[in-house]
Amino acid sequence: MSTVLSKQDPEVFNLIQKETARQEYGLEMIPSENFVSEAVLEAMGSTLTNKYAEGLPHKRYYGGCEVVDSVEELANARCEKLFGAEFVNSQPHSGAQANQAAYEALLTPGDVVMGMRLDQGGHLTHGSPVNFSGKHYKIVAYGVRESDHLIDYDELMHLARTHRPKMIICGASAYSRRIEFDKFRKAADEVGAFVLADIAHYAGLVAAGDYPSPVAFADIVTTTTHKTLRGPRSGLIMAKAAHAKAINKAVFPGLQGGPHMHTIAAKAVAFAEALQPAFKSYSKAVIKNAQALSLALIGKGFKIVSGGTDSHLLVVDLRPANVTGKVAEQALDRVGITVNKNTIPFDPQPPTVCSGIRLGTPALTTRGMGVNEMRQIADFISDLVQHHEDPAKLESLRADVRSLAQKFPLYKDRLVR
Ligand code: DSN
């Protein structure tokens, strides 16, 4: 394969080759990652990266925006259709920026906000003290019940009545069960709060109708576009029309400068892909695979947080296996299975160690793997956890992982060898 980049800058070309090979020959099980189509990659690598377009379609601060105006309008229209949203702003560079814009649009620094605890499945931008959200707003955190690891809606209601937040955030990055968005609306209505639903993890499943949609219940819905939605690395905001003006102002000039028009084009491509019937089958397969993986791991003696999953991810409690999340993540990395260590609810370990790992099926499902492969992977994980200090076992598992991955080619044509 001879490319302009390989000749001009072999150093960067070779690093990209290495990463492509890592993705091709390993098993990607981080639930927030996926593999985009060649069409999405092409739009990302297009001439649109050259264009400044601060402002909104037909109201820009730069000339020459007639083409990118059409790109942004197309992306917004496709997104509105996909989710049934009243309003879309597709300019946020990523999920954290989308959330920041939602805070800016609805709140004043110092306001009380409720969000899910990070160590029980929430997200940094939902009120962590090390994030802008926890620094600039008064955060009241809710969590899950210790008995079943499900969101404690009674606690949520009680906290809302006690603290009278201006905004309640729902959404999570390590919660495998269905979120009852109507209950968040009810709690918010009782105290006059806004609802922000962050569906970064679930967006693809929501679009396909396989996970509850918050669109009818939330004032603002934010998401990334690169997880289950399988688009480029980016974000977006949907909302009730009444919030459109405040959101537009918060994104630009409030927080961002020029929108990344090449990424907005790639989002438009991904939305069109998600509107196809094949995406519905994909979404169902993602959940079926996660459930099969969960059952197979339970069969091997592992504990799964909340006992299973209704979505694309599961959190494995490794305490019965006597290893920490940190040790398991590193050992899995050595054999080519990529995961991340994760706290389990009420974790006795610090977040740098963790008692669990978070597994997801969006990426493996994209490359065509199904239930049989999930059972095989559960065997790999179980074997590895038991023998993580045995170099010969690690070597043979590494070969098994590579051989399974090779049966499901991904970006093979992009590899030189
Ligand atoms: N960092 C993402 C995740 O891995 O879940 C959330 O933004």
Side-chain angles (χ1 to χ4, degrees), residues 23 26-36 92-103 115-134 139 141 143-144 149 151 169-177 179 196-206 211 214 220-238 255 263 267 270 286-287 290 293 305-306 309-316 325-326 328-329 332-333 337-345 347 351-352 354 356-366:
Q23 293 180 18
L27 297 176
E28 182 50 71
M29 301 193 74
I30 293 175
S32 46
E33 294 188 14
N34 212 329
F35 300 122
V36 298
H93 298 327
S94 203
Q97 284 67 46
N99 282 348
Q100 201 175 2
Y103 280 80
M116 190 169 182
R117 293 174 58 128
L118 179 62
D119 60 356
Q120 296 190 2
H123 187 253
L124 278 168
T125 57
H126 299 183
S128 163
V130 296
N131 182 259
F132 82 89
S133 52
I139 303 296
V144 298
H149 303 149
I151 292 173
I169 308 175
C170 42
S173 35
Y175 186 73
S176 66
R177 297 301 190 171
I179 294 173
L196 166 60
D198 174 353
I199 56 165
H201 264 267
Y202 315 100
L205 313 179
V206 171
Y211 192 87
I220 297 183
V221 178
T222 55
T223 184
T224 51
T225 47
H226 49 271
K227 298 186 174 91
T228 49
L229 194 49
R230 209 166 55 182
R233 180 160 300 279
S234 196
L236 66 87
I237 303 177
M238 296 174 265
L255 294 166
T263 313
K267 284 185 246 192
V286 165
I287 298 174
L293 181 64
V305 168
S306 88
T309 178
D310 305 324
S311 66
H312 61 302
L313 71 83
L314 46 140
V315 178
V316 186
K326 185 179 173 186
E329 178 193 298
L332 286 161
D333 238 350
I337 300 178
T338 312
V339 307
N340 66 283
K341 62 178 172 292
N342 211 92
T343 50
I344 56 166
D347 202 323
T352 45
C354 300
I357 48 171
R358 190 180 62 151
L359 302 177
T361 54
L364 296 184
T365 308
T366 291

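All values below were derived from every heavy atom in this structure, side-chain atoms included, with hydrogens, water molecules and symmetry-related copies excluded. Atoms within a ligand are numbered from 1 in the order they appear, just like the ligands themselves.
Proximity to Arg358 (heavy-atom distance under 4.0 Å) selects the following atoms of ligand 1: 3 (C), 4 (O), 5 (O). Close contacts of ligand 1 with His201, meaning ligand atoms under 4.0 Å from a residue heavy atom, involve 3 (C), 5 (O). Short contacts between ligand 1 and Ser173, defined as distances under 4.0 Å to a heavy atom of the residue, involve ligand atoms 5 (O). Distances below 4.0 Å separate heavy atoms of Ser32 from the following atoms of ligand 1: 3 (C), 4 (O), 5 (O).
Nearest heavy atoms, Lys341 versus Thr352: CE-O, 3.2 Å. Residues His126 and Ile139 approach most closely at O-CG2, 4.2 Å, considering heavy atoms. Between Thr263 and Pro232 the shortest heavy-atom distance is O-CG, 3.7 Å. Shortest non-hydrogen contact noted between Ser176 and Ser311 is O-OG, 2.9 Å.
Closest to atom 2 (C) of ligand 1, if we only count protein heavy atoms, is Lys227 CE, 3.9 Å. Of the protein's non-hydrogen atoms, the one nearest atom 1 (N) of ligand 1 is His123 NE2, 4.5 Å.
Tyr211 and Tyr202 have parallel rings, their planes meeting at less than 30° on a 0 to 90° scale where 60° marks the start of perpendicular.
Remark: the Lys267 side chain and the Thr225 side chain contain no N/O donor-acceptor pair separated by less than 3.5 Å.
Atom 5 (O) of ligand 1 is flagged as protein-proximal [any protein heavy atom, distance under 4.0 Å].
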